[in-house]
Amino acid sequence: MKREQLPSYYPVFLNISGKRCVVVGGGQVAQRKVKALLEHGASVEVISPDFCFELKQLAESKAINVRNREYQAGDLKDAFVVIGATGDSETNIKVAAEAQENGLLVNVADDARSSNFVFPSYLRRGDVTVAVSTAGRSPALARRIRTKLEKDFGDEYASLAILVDEVRTEVKRQGIKVNGDAWQ
């Protein structure tokens with residue numbers, strides 16, 4: 001059996017703080033994407049005729065903006081990141097097409113072929129983030145690997161990152177050169 005060739009994804013961390021991110025869809029998958037976007041400071045807008053309980057709560061608390069209707073062409077104007085999570089493949093394909101025509105970053109839930117990026121499974125310890133991806137082939141496997149890594153990377157890594165930054169800043173200030181092996 002010949003395996004479908006997927007793109008080789010370039011790993012990158014995006015600063016989405018204050019950026020307009022549009023999620024099309026109002027169910028549990030959309031809710032998980034919205035939660036992650038909010039955790040990273042995005043300005044989130046959700047477009048859907050129906051919303052799960054959690055998204056309704058976020059809208060009522062003004063944590064997200066909502067458009068209570070079906071997706072329409074033009075809804076993605078000025079978006080930085082777009083997520084199609086409707087559960088309707090036809091709508092998700094329209095979302096992906098508009099986003100790609102406008103050079104936007106787009107992810108369609110459970111459809112890596114329609115996406116130009118995929119979400120990794122990640123863990124955060126303060127400023128330390130470890131991300132795992134299977135190029136969209138198996139989110140469950142990525143999650144399993146992340147879960148194993150969580151046991152090895154405790155909260156002490158958040159403190160360590162701050163300490164190392166302070167030392168690094170002082171070493172630079174003093175003009176001291178330290179090679180990568182010495183840092184380890």
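Predicted model only: the values in this text are computed from it and were never measured. Atom set for the values below is all heavy atoms of this structure, side chains included, hydrogens, waters and symmetry mates excluded.
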Student: In the single-linkage hydrophobic clustering (I, L, V, M, F, W, Y; side-chain heavy atoms under 4.5 Å), do V23 and F117 co-cluster?
Tutor: yes

Student: For D165, does the CG atom sit with more than 12 other heavy atoms under 6.0 Å from it, leaving out its own atoms?
Tutor: yes

Student: Taking the six-membered ring for Trp, are the ring centroids of Y122 and H40 within less than 6.0 Å of each other?
Tutor: yes

Student: Report the distance from atom CG of N92 to atom OH of Y71, rounding to the nearest 0.5 Å.
Tutor: 10.5 Å

Student: Could you tell me whether the side chain of I16 reaches within less than 4.5 Å of the side chain of L37, counting heavy atoms only?
Tutor: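 Counting from C-beta outward, L37 and I16 do come under 4.5 Å.
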
Student: Heavy atoms only: give me the nearest R20-D75 pair and the separation to one decimal.
Tutor: NH2-O, 3.1 Å

Student: Test side chain to side chain contact (heavy atoms under 4.5 Å, CB included) on V34 and L55 and set out the steps.
Tutor: CA-CA 8 Å; V34 166; L55 289 175; 3.9 Å; yes

Student: Between CZ of R143 and CD1 of I145, what distance do you get to the nearest 0.5 Å?
Tutor: 11.5 Å

Student: Of all the heavy-atom pairs spanning D152 and Y157, show the shortest one and how long it is.
Tutor: O-CE1, 3.7 Å

Student: Honestly curious: do V81 and I93 fall in one hydrophobic cluster under the side-chain, below-4.5 Å linking rule?
Tutor: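 No: no chain of side-chain contacts under 4.5 Å links V81 to I93.
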
Student: Does atom CG of D127 have more than 12 heavy-atom neighbours from other groups under 6.0 Å away?
Tutor: no

Student: Does I47 reach the side chain of R69, with side-chain heavy atoms less than 4.5 Å apart?
Tutor: yes

Student: List the atom of G136, the atom of P139, and the distance in Å for their closest heavy-atom pair.
Tutor: O-CD, 4.1 Å

Student: Which heavy atom of V29 sits nearest to which heavy atom of A109, and what is that distance?
Tutor: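 Heavy-atom minimum between the residues: CG1-CB, 3.7 Å.
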
Student: Do Q31 and F53 pass the side chain to side chain contact (heavy atoms under 4.5 Å, CB included) test, and can you show the C-alpha distance, the side-chain angles, and the key distance before you say yes or no?
Tutor: CA-CA 9 Å; Q31 182 267 328; F53 178 75; over 6 Å; no

Student: Would you indicate whether the side-chain heavy atoms of V108 and V95 approach each other to under 4.5 Å?
Tutor: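 They are not in side-chain contact.
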
Student: Walk me through whether E150 and R125 qualify under side chain to side chain contact (heavy atoms under 4.5 Å, CB included).
Tutor: CA-CA 9 Å; E150 283 176 332; R125 302 292 187 260; 3.8 Å; yes

Student: Considering only heavy atoms from C-beta outward, does the side chain of L58 approach that of L38 to under 4.5 Å?
Tutor: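 Touching, per the 4.5 Å side-chain cut-off.
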
Student: Atom CG in D110, atom OG in S89: separation rounded to 0.5 Å?
Tutor: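 So the CG of D110 and the OG of S89 are separated by 11.5 Å.
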
Student: Quick check against the 3.5 Å criterion: does N107 have a side-chain atom that pairs as donor or acceptor with the backbone of S115?
Tutor: no

Student: Verify the cluster assignment for V82 and I64: are they in a single hydrophobic cluster under the rule of side-chain heavy atoms below 4.5 Å apart?
Tutor: no

Student: Taking atom CD of E90 as the centre, report whether more than 12 heavy atoms of other residues, nucleotides or ligands fall under 6.0 Å from it.
Tutor: no

Student: What's the spacing between S138 OG and R144 CZ if we round to 0.5 Å?
Tutor: 10.5 Å

Student: Is it true that L160 and V178 fall in one hydrophobic cluster, defined by side-chain heavy atoms closer than 4.5 Å?
Tutor: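 As far as the 4.5 Å side-chain criterion goes, V178 and L160 are connected within one cluster.
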
Student: Verify, without hydrogens or angle tests, whether E166 (side chain) and A161 (backbone) share a donor-acceptor contact under 3.5 angstrom.
Tutor: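 Looks like no, no N/O pair under 3.5 Å.
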
Student: Check A96 against S114 and note the closest heavy-atom contact, atom names and distance.
Tutor: CB-O, 3.4 Å

Student: Would you call V22 and F80 a side-chain contact if the rule is heavy atoms closer than 4.5 Å?
Tutor: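 Side chain of V22 against side chain of F80, heavy atoms only: no contact under 4.5 Å found.
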
Student: Is the shortest side-chain heavy-atom distance between L104 and L76 below 4.5 Å?
Tutor: yes

Student: Regarding K56 and E60, does a basic nitrogen lie under 4.0 Å from an acidic carboxylate oxygen?
Tutor: no

Student: Evaluate side chain to side chain contact (heavy atoms under 4.5 Å, CB included) for R146 paired with V130, printing each intermediate quantity in order.
Tutor: CA-CA 8 Å; R146 186 216 61 225; V130 177; over 6 Å; no

Student: Looking only at non-hydrogen atoms, find the nearest pair between S48 and G25 and report the distance.
Tutor: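 The pair with the smallest heavy-atom distance is CB-C, 3.6 Å.
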
Student: So, taking the atom named SG in C21 and the one named CG in L105, what distance separates them when rounded to the nearest 0.5 Å?
Tutor: 9.0 Å

Student: In the structure I gave you, are the side-chain heavy atoms of L141 and V132 within less than 4.5 Å of one another anywhere?
Tutor: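 Sidechains of V132 and L141: no contact.
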
Student: Starting from V118, can I reach V12 by hopping between I/L/V/M/F/W/Y residues whose side chains sit under 4.5 Å apart?
Tutor: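 Unlinked, V12 and V118 end up in two clusters.
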
Student: Rounded to the nearest 0.5 Å, how far apart are OG of S43 and CG of N65?
Tutor: 6.0 Å

Student: For a 4.5 angstrom cut-off between non-hydrogen side-chain atoms, does R67 reach V46?
Tutor: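 Not touching, per the 4.5 Å side-chain cut-off.
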
Student: Let's go through K94 and E98 carefully: what are the C-alpha distance in whole Å and the side-chain angles of both, what is the deciding distance for salt bridge (Lys or Arg N to Asp or Glu O under 4.0 Å) to 0.1 Å, and is it a yes or a no?
Tutor: CA-CA 6 Å; K94 288 178 185 176; E98 180 182 345; over 6 Å; no

